[in-house]
Amino acid sequence: MVKKGLLYLGLIVFGIIFSIPYLWMFSTALKTAAQVLAYPIAWLPNPIAWTNFSEVWKLTSFPVALKNSCIITFSATLGTVFSCYTVAFGFARLEFKGRDFIFMLVLATMMLPPQVTYIPLYIIFKRINWINTFKPFYVPALLGGGTMGGIYIFLLRQFLLTIPRDLEDAARIDGCSTFGIYWRIFLPLCKPVLAAIGILSFIFNWNNYFGPLVFINSNDKMPLTLVIAMLKDQQGVQEYNLVMNGALLTVIPCVLIFLLLQKYFVKGIIMTGIKG
Amino acid sequence: MAKTNLRKNLEGYIFISPWIVGFFMFIIGPMSYALYLSLFEWDVLSPPKFAGFMNYLRAVKHYRFWTSFKVTFYFVFTTVPLRVFIGLVLALMIRQLIKHKLKGTVVFRSIFCLPIMFSGVVLGILWAWIYEPEYGILNDLLRRVGIKGPNWLATPGLVMPSIIAMMGWWIGGMMLIFLAGLLDIPEEMYEVAEIDGASWWQKFIRITIPMLSPTLFFNFTATLIQSFQIFGPIYVLTRGGPANLSLVYVVNLYREGFELFHMGYACTLAWILFAIVIAFTAFLFRTSKLWVFYRAR
Amino acid sequence: MRLGKGKKKVLMGMMISLVTMFMLLNLGSYLSLAKTKIVFMDPCVPPYRLQVTREIFDQFEKENPGIQVEIQSTSSWSEQRTKLMTAIAAGGGPDVFTQDFTSFPTYAAKGIMENLDPYLAEDPTIDLSMFFDPLAKGCQVIEGRTYGLPIMAVLMVLFYNKDLFQQAGIAAPPETMEGFRSTGMRLKNLGDGIWGFASFSKVKIAAHEWMCDYLYPAGGTLMNEDYTETRFNNAIGVEALQMAVDNVLKYKFQAPLGTEAPDLWARRKAGMCTFWPYLVGYTEKYGPNINYGCTGVPIGKARRRITGGEFIVLGMLATSEYKEEAWKLISFIQRDDIHFDLHKRRNHIPSKKALLETDYYKTHPAWGIYLAQLPTLRLFPAEFPQFLDTAQILTEELENAYMGVKTPKQALDDAAEKVRKVLKK
């Protein structure tokens with residue numbers, strides 16, 4: 001009893017501390033411009049400016065930007081998850097010459113700051129006419145997860161290493177091929193991690209700013225991140241309430257995907273019972 | 001039926017082939033170009049001028065390089081333990097909820113994960129405002145309790161702690177991964193321990209930590225690497241100032257390359273960072289053999 | 001099947017007329033295939049600016065049927081710079097683009113921008129004398145050759161809150177730096193969290209702020225004539241910084257580092273504020289009913305008004321394939337009527353002298369004052385190659401002084417030392 005109470009107490013305290021910043025953000029998203037700078041500080045918007053949503057919608061051509069964000073993010077995330085799982089399986093469960101050395105290379109790729117790679121990448125992509133298309137986003141994703149790929153491969157490898165060898169041996173005795181082990185046995189076991197990677201990759205791609213900035217030129221191909229940054233007013237002044245509102249609208253798909261994939265954590269527990 | 005070595009090698013390489021192709025196309029290319037450029041003075045607008053190791057010498061002599069070094073190390077060695085700790089504690093609490101089938105799992109998980117769903121830029125804007133000395137909500141809260149809040153982002157001793165506090169909020173990803181790792185620990189192990197009369201502390205030290213060690217290792221390493229490369233939120237929050245108090249390494253790199261037109265030098269800085277991070281990671285890997293426990297090998 | 005001669009002729013006639021009809025019908029598309037497309041890059045934010053620019057360029061396209069203009073818009077000057085740099089690195093780039101003045105000399109010196117003198121000589125509709133002198137001179141960066149044309153002036157004026165002035169019993173805004181301090185302190189004594197003067201902001205770097213507010217009025221300068229030595233740490237400079245630091249730390253009427261001047265101004269917590277044109281729109285949005293006035297920056301020991309600032313440069317890419325068409329666009333933008341339309345509807349300050357005479361700018365409470373200061377404009381010395389590095393170093397040390405970490409003399413001497421190292425290379 002006491003333990004349950006303490007647990008909830010701890011969670012609620014942390015919960016409140018964590019929530020204050022974005023509750024403040026939601027409140028700002030619904031304020032009128034005049035209210036944003038009101039003093040003493042207005043914690044709650046009054047009146048509630050529901051029109052902020054439609055203003056942002058109009059100003060940013062929201063549907064178009066949303067479509068672009070979806071294309072970039074879904075293609076890149078699916079590519080990343082699939083490709084990272086495949087590669088990590090290779091590193092974790094298979095033996096081949098040079099494996100550990102190449103894995104070190106994978107880790108090394110995580111360590112170069114992306115800013116310097118953008119200009120060379122731009123030059124490469126320009127030569128093959130990928131600029132102003134979505135290819136710079138999903139092709140690297142399919143080929144090893146792109147910039148964040150190293151981390152996901154690393155994570156999946158750690159995870160796959162915790163699965164006991166007996167499971168694999170038993171499957172092979174039953175005549176299962178490597179591909180079968182990869183596809184039918186280990187894949188379901190990885191659901192919690194794959195879900196985690198799916199969420200993280202989705203969020204990363206959804207919020208990717210620098211990439212689209214460099215590789216996309218025309219306004220009708222810009223994703224939400226770029227378009228929200230343009231919510232400035234008369235003299236190029238950042239409109240706080242609209243920016244927060246735009247951020248709010250932008251975060252909704254992320255939250256939906258998160259809620260959707262959360263279920264797999266639970267499913268993973270059921271699967272865990274089969275192991276060991 | 002034993003596999004021949006050739007067959008094994010082929011199989012392995014087929015599985016990692018996507019990565020190999022991507023590696024050559026999108027990583028080796030730009031990285032070696034960056035290494036090549038680090039030997040030149042290049043302002044992007046005119047052809048590069050060969051400078052040999054001048055850029056490297058320049059880095060070592062430059063005051064901003066050492067400042068960014070100091071600031072980055074301070075940042076990394078405080079945020080990494082802080083974030084791992086908070087992420088672990090929250091994950092443990094959520095796991096308790098799941099294990100005992102208590103209500104609120106989805107709610108609390110969402111509350112803690114929501115911060116990471118916003119982009120770094122939005123984060124910076126939000127926290128810049130929270131820390132605003134006159135009208136930010138932090139000082140407003142303090143005012144209600146009678147304390148006059150300081151100028152968080154412009155007082156020498158407070159700039160970095162404020163930034164570190166903001167990073168402590170951004171632990172959703174870490175928590176998710178810890179949670180996945182915790183849920184992976186077979187329930188039976190705990191049940192057996194309970195039958196033997198183990199206390200919660202013993203269960204934690206003897207079961208949870210060792211079984212979680214691969215995940216712990218991952219989170220530690222990944223956060224370490226990411227912290228060395230932190231850019232977005234800090235750039236938006238303070239631009240690296242005031243007076244370079246919050247000048248983390250990559251902010252300096254960006255400034256040199258994109259604001260001051262010293263792109264060759266920026267590539268040099270990138271490769272120096274790369275070397276440092278590799279050194280740290282290699283060290284972590286070596287020591288990991290002592291405390292990380294894998295079941296498969 | 002054999003056709004008789006007559007029938008052959010008829011058939012030929014039909015075929016010819018069919019082909020001719022086909023060609024005529026498709027003439028339109030052939031014509032459009034023959035259109036040249038040029039690219040124009042500029043930060044057209046917020047969306048209404050993009051719309052205005054598009055409308056004005058549609059008019060250009062009507063007047064020049066063979067040319068199509070594509071607008072590439074970015075969301076800030078630093079974004080513009082990044083995109084421009086990446087495009088140029090790959091060997092491309094927009095044909096016509098804008099850049100802020102502090103980066104412009106670097107671009108010109110590196111050969112990115114086309115020398116416009118030959119075009120100016122041929123084109124009777126534009127002449128450098130049409131622009132304010134400081135701006136025109138600013139464009140002649142390399143040995144007197146012109147590499148761009150000025151548009152959108154950016155300078156600082158003094159805003160003052162008439163209500164707060166009335167409350168404090170002050171009749172008029174200060175004309176001199178001496179009066180400035182006493183005015184500031186009287187405003188500060190109103191209490192209630194009110195500052196006499198606010199100037200620090202995220203959108204300004206400390207070096208620019210100090211140069212405009214304190215150094216230039218005192219008659220100081222950043223560097224010497226041939227940019228080989230620093231001058232900002234001489235006696236005048238140290239005194240100017242001491243004055244600034246005292247206003248913040250000793251007399252405490254200037255809002256300290258870390259505050260946002262536009263915010264304070266819009267909340268009616270700042271009696272005076274020096275700022276770029278940015279503040280006009282900010283006030284309209286966030287402090288709509290403030291009763292305010294504008295005037296030039298106070299006069300210091302230099303005994304005449306010196307207004308610090310810069311402007312935006314409109315230029316042509318040196319490697320453009322469509323230079324003639326690009327020039328047509330440039331001269332179109334600089335035509336009196338279009339220049340007026342563009343600047344008025346996009347809410348920028350124009351750069352042509354002729355517009356001083358228009359009613360709109362004569363009577364506008366804010367824009368008019370900005371425009372009237374242009375003859376006293378003193379540009380940042382962006383033409384010396386290490387300006388960007390120097391401004392960065394100066395900003396860092398100024399911030400040290402404003403936080404009280406170093407004394408003004410210490411800060412400026414340290415900055416000078418570091419700049420010396422940069423100059424040596």
Could you look at A:T250 and say if it's the side chain, the backbone, both or neither that has a heavy atom under 4.5 Å from chain B?
neither

Counting only non-hydrogen atoms closer than 4.5 Å, does B:F108 touch chain A with its backbone (N, CA, C, O), its side chain (CB onward), both, or neither?
side chain

Interface moiety of B:F258 toward chain A, non-hydrogen atoms closer than 4.5 Å
side chain

Heavy-atom distance under 4.5 Å to chain B: side chain of A:I203, backbone, both or neither?
side chain

Which atoms of B:F118 approach chain A - backbone, side chain, both or neither, heavy atom under 4.5 Å
both

Side chain of B:W169, backbone of A:F18: donor and acceptor closer than 3.5 Å?
yes

Does the pair A:Y8 and B:L102 meet the rule for a side chain to side chain contact (heavy atoms under 4.5 Å, CB included), with working shown?
CA-CA 10 Å; A:Y8 272 112; B:L102 297 172; 3.4 Å; yes

The interface call for B:K103 against chain A, heavy-atom contacts under 4.5 Å, is both

What is the minimum heavy-atom distance between B:Y13 and A:G98, and which atoms define it?
OH-CA, 4.4 Å

Between the main-chain N or O of B:I111 and the side-chain N or O of A:Y22, is there a donor-acceptor pair closer than 3.5 Å?
yes

Nearest non-hydrogen partners of A:P120 and B:P30, listed with the distance
CB-CA, 3.8 Å

Minimum heavy-atom separation for A:Q158 to B:P214, with atom names?
NE2-O, 3.3 Å

Contact class of B:F231 relative to chain A, heavy atoms under 4.5 angstrom:
side chain

Do B:W19 and A:L105 come within less than 4.5 Å of each other through their side chains, counting heavy atoms only?
yes

Residue part contacting chain A, namely of B:I27, when any heavy atom lies under 4.5 Å:
side chain

Turns out that what part of A:F103 lies under 4.5 Å from chain B's heavy atoms comes down to side chain

I need the residue from B:V277, B:I137, B:V250 with the largest number of non-hydrogen atom pairs under 4.5 Å to chain A.
B:I137

Specify the closest pair of heavy atoms between A:L11 and B:M93, including all atoms of both residues, with the distance to one decimal.
CD2-CB, 3.8 Å

If you count heavy-atom pairs under 4.5 Å with chain B, which of A:L248, A:I102, A:N208 comes out on top?
A:I102

Does any backbone or side-chain atom of A:F89 lie under 4.5 Å from a heavy atom of chain B? Answer side chain, backbone, both or neither.
side chain

Using a cut-off of under 4.5 Å on heavy-atom pairs, state which of B:I276, B:V106, B:L273 scores highest against chain A.
B:V106

For A:N207 and B:G120, indicate whether the former's side chain and the latter's backbone hold a donor-acceptor pair under 3.5 Å.
no

Using non-hydrogen atoms only, which part of B:I171 is less than 4.5 Å away from chain A: side chain, backbone, both, or neither?
side chain

Does a sphere of radius 6.0 Å around OH in B:Y36 hold more than 12 heavy atoms from other residues, nucleotides or ligands, not counting ones at 6.0 Å or beyond?
no

Against chain A, label B:L141 side chain, backbone, both or neither, depending on which of its atoms sit under 4.5 Å from a heavy atom there.
side chain

Side chain to side chain contact (heavy atoms under 4.5 Å, CB included), that's the test. Do A:W24 and B:L126 meet it? Break it down for me.
CA-CA 9 Å; A:W24 172 245; B:L126 180 63; 4.1 Å; yes

Nearest heavy-atom pair of A:V139 and B:F26: which atoms, and what distance?
CG1-CZ, 4.0 Å

Chain A contact via B:I225 - which portion, at a heavy-atom distance below 4.5 Å:
side chain

So what's closer than 4.5 Å to chain B heavy atoms on A:I197: side chain, backbone, both or neither?
neither

Contact class of A:F204 relative to chain B, heavy atoms under 4.5 angstrom:
neither

Side chain from CB out, backbone as N, CA, C, O: work out which of these in A:L155 comes under 4.5 Å of a heavy atom of chain B, or both, or neither.
both

Using a 4.5 angstrom heavy-atom cutoff, name the option from B:F112, B:F228, B:W271, B:Y33 with the most pairs to chain A.
B:F112

Heavy-atom count around B:K99 NZ within 6.0 Å, excluding the residue itself: above 12?
yes

The test is side chain to side chain contact (heavy atoms under 4.5 Å, CB included); show your working for A:M25 and B:V122 and say whether it passes.
CA-CA 10 Å; A:M25 187 177 160; B:V122 169; 3.7 Å; yes

Contacting moiety of B:L269, where chain A heavy atoms sit under 4.5 Å
neither

In Å, rounded to the nearest 0.5 Å, how long is the span from CD1 of A:I257 to CE of B:M117?
10.0 Å

Let me check something: any side-chain donor-acceptor pairs from residues 215-223 of chain B under 3.5 Å, sequence neighbours excluded? List them with distances.
unit_1 : atom_1 : unit_2 : atom_2 : d
B:T221 : OG1    : B:F217 : O      : 2.7
B:T223 : OG1    : B:N219 : O      : 2.6

In terms of heavy-atom contacts, A:P21 and B:W127 come closest through CG-CZ2, 3.8 Å

Would you compute the distance between atom CE of A:M148 and atom CD of B:Q226 and round it to the nearest 0.5 angstrom?
5.0 Å

Which portion of B:S110 sits near chain A, non-hydrogen atoms under 4.5 angstrom:
both

Check whether any side-chain heavy atom of B:M25 lies under 4.5 Å from a side-chain heavy atom of A:I124, and answer yes or no.
no

Separation of B:L97 CG from A:L7 CG (nearest 0.5 Å)
5.0 Å

Which answer fits A:L200, side chain, backbone, both or neither, if we ask what part of it has an atom under 4.5 Å from a heavy atom of chain B?
side chain

If I measure from the heavy atoms of chain A, does B:L10 come under 4.5 Å with its side chain, its backbone, both, or neither?
neither

Considering only heavy atoms, which portion of A:L259 lies under 4.5 Å from any heavy atom of chain B: side chain, backbone, both, or neither?
side chain

A:Y209 and B:S119, any side-chain heavy atoms less than 4.5 Å apart
no

What's the spacing between A:L23 CG and B:L114 CG if we round to 0.5 Å?
9.0 Å

Please check if the side chain of A:Y182 supplies one atom and the backbone of B:F15 the other of a donor-acceptor pair under 3.5 Å.
no

Do the non-hydrogen side-chain atoms of A:M104 and B:I278 ever get within less than 4.5 Å of each other?
no

Do A:L94 and B:I16 touch side chain to side chain, with heavy atoms closer than 4.5 Å?
no

Among B:A34, B:S17, B:P115, residue most engaged with chain A (heavy-atom pairs, under 4.5 Å):
B:P115

